[in-house]
Amino acid sequence: LPDPDPPMFGEVRSPRFPQPYPPNLQQQWELSVPEGFQIRLTFTHLDIEASAGCHYDSLTVLYQEKLLGKFCGDENSADGHHPGNHPILSPGNTLTLIFQTDNSNPERHQNLGFSAHYQATDVDECSAPEPPDRSGPLCSQICLNTLGSYLCSCHHGYELRSDQRTCVLSCGGGIFDEPEGHLFSPGFPDTPPHAVSCQYIISVEPGFTVSLNFTDNFHIESVDTEDGSVCLHHWLQVTLPDREPVKLCGRSSPGLMETNSSTVRLDYHTDDAGQSRGWSLDYRTHRVQCPFPGGVAKGRVTPILMEYFYRDYLHVRCDLGYKLMMDGQEIQSFSTMCQSSGRWHLPLPECHIIDCGEPEPLLNGAVTVLSGLQNQYRSVVQYHCNEPFYSPLGGVNVNFTCDADRQWRSTHDIVDRMTCLPVCGQPTELISGFQR
Amino acid sequence: IIGGSDAPEKTIPWQVMLSVDGGRGGGMVIADRWIMTAAHVLVKNGEKVAPETVRIYMGQTDVQTLTDTFVFPSSLHIHPGYKNPNLLTYNNDIALMKLHQPITFNSSVMPLCLPAEGATYHTGIMGLVSGFGITIDQGRRMLRNKLKYVQIPLVDQETCSNSVSMFKRIRTHVPDLTENMFCAGVPEGSKDSCQGDSGSAFTLREQGRFYASGIVSWGIDCGKQGTYGVYTRVTNYLPWISKIMQEN
């Protein structure tokens, strides 16, 4: 079986504690916690016969034979050496405790010994001072402390050597897909090594465009010719999809560069001569903008914004009495989204006036249009009975208006449906005679 | 109709002619699916005739043209109180016929109003009775096939009752006069309804509207001096009419 991991905490007590300890004692404890941790020892009680230099009875704390403390007495004793409330931190993951007593104990005051607990405390290896053997820092570039250990890492353009401590130049295939970030040439702003060939690819989600903002201290060696400066030996090439690559060099920062692309490739090249201090940039991403959608007659487009970007939604509602129409079909609702291409995924619909359809025919009556067109919203029709043979129930003709819910609604408070009742006993011709 | 005149077109648009098993009768339109007539028109040998034996003609005044179109009733509703085994008991002589399809009214076909509840019958008030029944021309009974009408007054119930009683003394088999009947006519005779008019309306006019006051029911001879035509008193049957129409 493998050795079990040492405990992360524990407790140490003098023999018989809390009863007085016996004389002629020499007892030793070897405390240990896992590698990468220190031991923090805290006394909860210490009452050992006090003497100058803890000559008679003592508790000695050692780390690899290095004395961390020799304690005796109690909190109130004038002589002796009491640790008080201060914990003792071992430099490493082990600690040795030695408890010694002489052959006599004072009769007047029975000393109880000590009680202490210990726990593992993570060592921040990264903040440790550089070792004096000139072997260099723990990590040559980036140190990451972990529980019980640490990790070394390297800046972009470098990779960790097999010693897991130092970094070597290697800057191909860096892909940056975060919405914003910071890039710089190897070693920037210090003079980098020669013959650098680094590639940086910024690739964010479609629908976002990348803008590059070069810092002012831009320095890539250029060569002056009769035609002006050219990027002959050193350059930073910016490549955008479907566009000619652009080589940058010189001492003047390109400043802000809007790429209008979600993908940017940067190739940094230096040869084995010359001096380029390099460059750095911050990149940001912006959502692709869609064109202003315009308005819809007899409708409302919401929300109304100054500009519309990728993933923005638009909704269209028609005014009361109008319906949404798209491609000749009525639709119940409409929304469109600004796509990653910068186009709306659907064109805006139209609002057409609603139509209540033909009013229901009236038995023994008829319908006439009073106002409006083709049974459209707010058209008014009037039902009337075929007089003189029929008359309306209630004695009045009823008007119906085409309502917003496409129903013909009576404008009469009481009568919501017209009925024609036969007229009885009133012939159109009367028997008449003049002879007397 | 005795002593009457030919009815001009559209003047009596509720008039219906019935042809029942070869016999002729009358009726009146009272709603777009209902015809009212006399019960005895629809009862033969004590039995209700089959609806398919009843032809209903309407809209014209000339039988020649009237016969072009007719309809059959979908159901017949004889008043349950009409029991006339010996043809001497015309009490409750009222019946309704329902049509298969509703009629669309126009100037030629129009319903007759029913009387208001509690409508009174004032002696002497002139009513109008019409029908396609027989007439008497120069003493001969004739069937002219034209809708005729005559205006006759309502007769006091006692006067009528006395007339019936008098005839009972000199004739056998004279029907009884009941409170469900009233009489109309003139004492000198010569103006009356007659055979073939049965079931037709005796109408009164009030506030410009004609309403069915009576149904031609029976009489002793036609147009004879001292006799009157006897009509079913429609006012007494308003609840029954309403009930039958609602239930059907």
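These values consider heavy atoms only, across backbone and side chains, with no hydrogens, waters or symmetry-generated copies.
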| field | Contacting region of B:F105 [heavy-atom separation from chain A under 4.5 Å] | value | both

| remark: Turns out that what part of B:I103 lies under 4.5 Å from chain A's heavy atoms comes down to backbone

| request: Taking all non-hydrogen atoms of both residues into account, name the closest pair between A:L430 and B:F210 and its distance. | output: CD2-CE1, 3.8 Å

| query | Distance from B:D32 atom CG to A:N364 atom CG, nearest 0.5 Å? | reply | 7.0 Å

| Nearest heavy atoms of B:R209 and A:V423, plus distance in Å | NH1-CG1, 4.0 Å

| said: Taking side chain as everything from C-beta outward and backbone as N, CA, C, O, which of these in B:L128 sits under 4.5 Å from a heavy atom of chain A? Side chain, backbone, both or neither. | reply: side chain

| message | So for atom CD, which belongs to B:E179, do other residues, nucleotides or ligands contribute more than 12 heavy atoms lying within a distance under 6.0 Å? | response | no

| said: Tell me whether the count of non-hydrogen atoms from other residues, nucleotides or ligands lying under 6.0 Å of NZ in B:K191 goes above 12. | reply: no

| said: Nearest 0.5 angstrom please: B:R205 CZ to A:I431 CD1, how far? | reply: 10.0 Å

| query | Which pair of non-hydrogen atoms, one from A:C424 and one from B:L112, has the smallest distance, and what is that distance? | reply | CB-C, 3.8 Å

| task | Please name the residue in the list B:S107, B:P13, B:S108 that meets the side-chain contact (heavy atoms from CB on, under 4.5 Å) test with A:T428. | result | B:S107

| request: Compare all side-chain heavy atoms of B:W14 with those of A:P427 and state whether any distance is below 4.5 angstrom. | output: yes

| said: Testing the basics here: between A:P422 and B:P111, what is the closest heavy-atom pair and its distance to 0.1 Å? | reply: CB-CG, 4.0 Å

| remark: When rounded to the nearest 0.5 Å, the distance separating CG of A:N386 from CG of B:N106 is 10.5 Å

| query | What part of B:E9 lies closer than 4.5 angstrom to a heavy atom of chain A: side chain, backbone, both or neither? | reply | backbone

